[in-house]
Amino acid sequence: MLHPGDRVRVETTADDGFPVVRYGFVGGVNGADGPVVVMLDGELGGDEIDLRHVQAVCITNVELCLAGDDLMSEPDLRRGLVALWHAEADTAGLDVDSLHALGDGLRDSNGSWALAELVAGGEQYVVRAFHMPNEPDVVRVRADRPDHWEM
């Protein structure tokens, strides 16, 4: 349930099929099923947005979707994903208490890469890069609890 003043993430799809993510604050909620009035960052007015496109911001739903398989296969590019994810977390308004990059990353059995360990709100998380089975050319980067990893 969203409330006025909540920090939110709005995800829609661009004409090219890639997700477009913007952040803002809830200005109002029109019933339990929405729509939600969102004051998007950098805009003066509020936009009515379907509730299915709006999520409260949290550390585990800040996700990058980047085109290019080489982002995971090249160690230099893989290391750069940590800084990109951290910049996105800052844009989302999240406070990351500490962030420790894991060098070139650690490949796990799922074919994903653990890129960094972080602490936010007193909880530990791991920043990972991975592919979804139906999107082999798209690299996704997000943080999850170390004991809760699923694609």
Side-chain angles (χ1 to χ4, degrees), residues 1-69 71-72 77-102 105 108 110 112-151:
M1 186 77 187
L2 298 171
H3 299 90
D6 286 350
R7 184 77 173 149
V8 291
R9 176 181 192 267
V10 177
E11 183 174 348
T12 55
T13 304
D15 294 337
D16 60 6
F18 282 100
V20 175
V21 176
R22 304 216 30 219
Y23 299 97
F25 291 93
V26 172
V29 181
N30 296 323
D33 296 328
V36 177
V37 176
V38 177
M39 312 295 287
L40 293 167
D41 293 352
E43 295 189 12
L44 295 176
D47 294 335
E48 281 194 356
I49 300 174
D50 190 301
L51 188 59
R52 66 191 165 131
H53 298 293
V54 181
Q55 295 178 307
V57 170
C58 70
I59 199 83
T60 57
N61 71 7
V62 171
E63 180 178 88
L64 295 175
C65 292
L66 305 166
D69 184 59
L71 293 170
M72 279 189 14
L77 297 176
R78 200 167 46 242
R79 282 191 303 271
L81 293 174
V82 174
L84 290 174
W85 182 89
H86 194 207
E88 185 73 9
D90 284 344
T91 300
L94 294 172
D95 290 325
V96 173
D97 300 328
S98 67
L99 179 71
H100 172 71
L102 299 174
D108 66 17
N110 294 331
S112 68
W113 289 86
L115 303 175
E117 298 171 323
L118 69 95
V119 175
E123 300 286 328
Q124 290 190 317
Y125 298 90
V126 175
V127 177
R128 297 183 192 278
F130 61 96
H131 294 287
M132 297 296 286
N134 60 337
E135 300 174 321
D137 295 332
V138 176
V139 174
R140 293 181 178 263
V141 183
R142 74 169 184 229
D144 284 304
R145 292 182 182 267
D147 59 345
H148 182 254
W149 170 239
E150 60 183 61
M151 292 193 303

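Since we're looking at a predicted model, the values are computed, not measured. All values below come from the heavy atoms of this structure, side chains included, with hydrogens, waters and symmetry mates left out.
- V96 is not listed as a side-chain neighbour of V119, based on a closest heavy-atom distance of 4.5 Å or more.
- Taking 4.5 Å as the limit, every side-chain heavy atom of V138 sits out of range of all side-chain heavy atoms of L66.
- Counting only residues at least two apart or on different chains, no salt bridge (Lys or Arg N to Asp or Glu O under 4.0 Å) pair has a member in residues 81-97.
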Validation: residues 52-60 side-chain donor-acceptor distances under 3.5 Å, sequence neighbours left out:
unit_1, atom_1, unit_2, atom_2, d
H53, ND1, E11, O, 3.1
Q55, OE1, R9, NH1, 3.4
Q55, OE1, N61, ND2, 3.4

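- Contact record, P136 with N134: CD-C, 3.6 Å, taken as the closest heavy-atom pair.
- Looking at every heavy atom in both residues, G46 comes nearest to M39 through CA-SD, 3.5 Å.
- Rounding to the nearest 0.5 Å places CG of D144 at 14.0 Å from CD of Q124.
- Qualifying side chain to side chain donor-acceptor pair (under 3.5 Å) partners for E117, counting only residues two or more places apart in sequence or in other chains: none.
- Here the side chains of E63 and W85 are not in contact, with every heavy-atom distance at 4.5 Å or above.
- Annotation: side chain to side chain donor-acceptor pair (under 3.5 Å) contacts of D47 (sequence neighbours excluded): none.
- The structure places CG of L40 at 4.5 Å from CD1 of I49, a figure rounded to the nearest 0.5 Å.
- Listed by chain and residue number, E43 satisfy the salt bridge (Lys or Arg N to Asp or Glu O under 4.0 Å) test with R22 (two or more places apart in sequence, or in another chain).
- P4 and G27 make their closest contact through CB-O, 4.2 Å (heavy atoms, listed as atom of the first residue, atom of the second, distance).
- Using a 4.5 Å heavy-atom threshold, the side chains of L94 and V62 count as touching.
- For D41, the salt bridge (Lys or Arg N to Asp or Glu O under 4.0 Å) test picks out R7, with sequence neighbours left out.
- Residue C65 holds its SG atom at 3.5 Å from CZ of R140, rounded to the nearest 0.5 Å.
- Counting heavy atoms from C-beta outward, L2 and L51 have side chains that approach closer than 4.5 Å.
- At least one side-chain heavy atom of N30 sits under 4.5 Å from a side-chain heavy atom of V37.
- With a 4.5 Å cut-off on side-chain heavy atoms, L99 and H86 count as touching.
- Nearest heavy-atom pair across Y125 and A143 is CB-CB, 4.2 Å.
- Heavy-atom neighbours of D15 CG from other residues, nucleotides or ligands within 6.0 Å: at or below the threshold of 12.
- Both cation-pi conditions hold for R78 and W113: the charged atom is under 6.0 angstrom from the six-membered ring centre and inside a 45 degree cone around its axis.
- The two atoms that bring A114 and R128 nearest to each other are CB-NH1, 3.8 Å, heavy atoms only.
- In this structure the side chain of V8 reaches within 4.5 angstrom of the side chain of V38, judged on heavy atoms.
- A distance of 11.0 Å separates CZ in F130 from CG in L115, rounded to the nearest 0.5 Å.
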Check the pair H131, D69 against side chain to side chain donor-acceptor pair (under 3.5 Å), reporting the backbone distance first and the verdict last. CA-CA 9 Å; H131 294 287; D69 184 59; 2.9 Å; yes
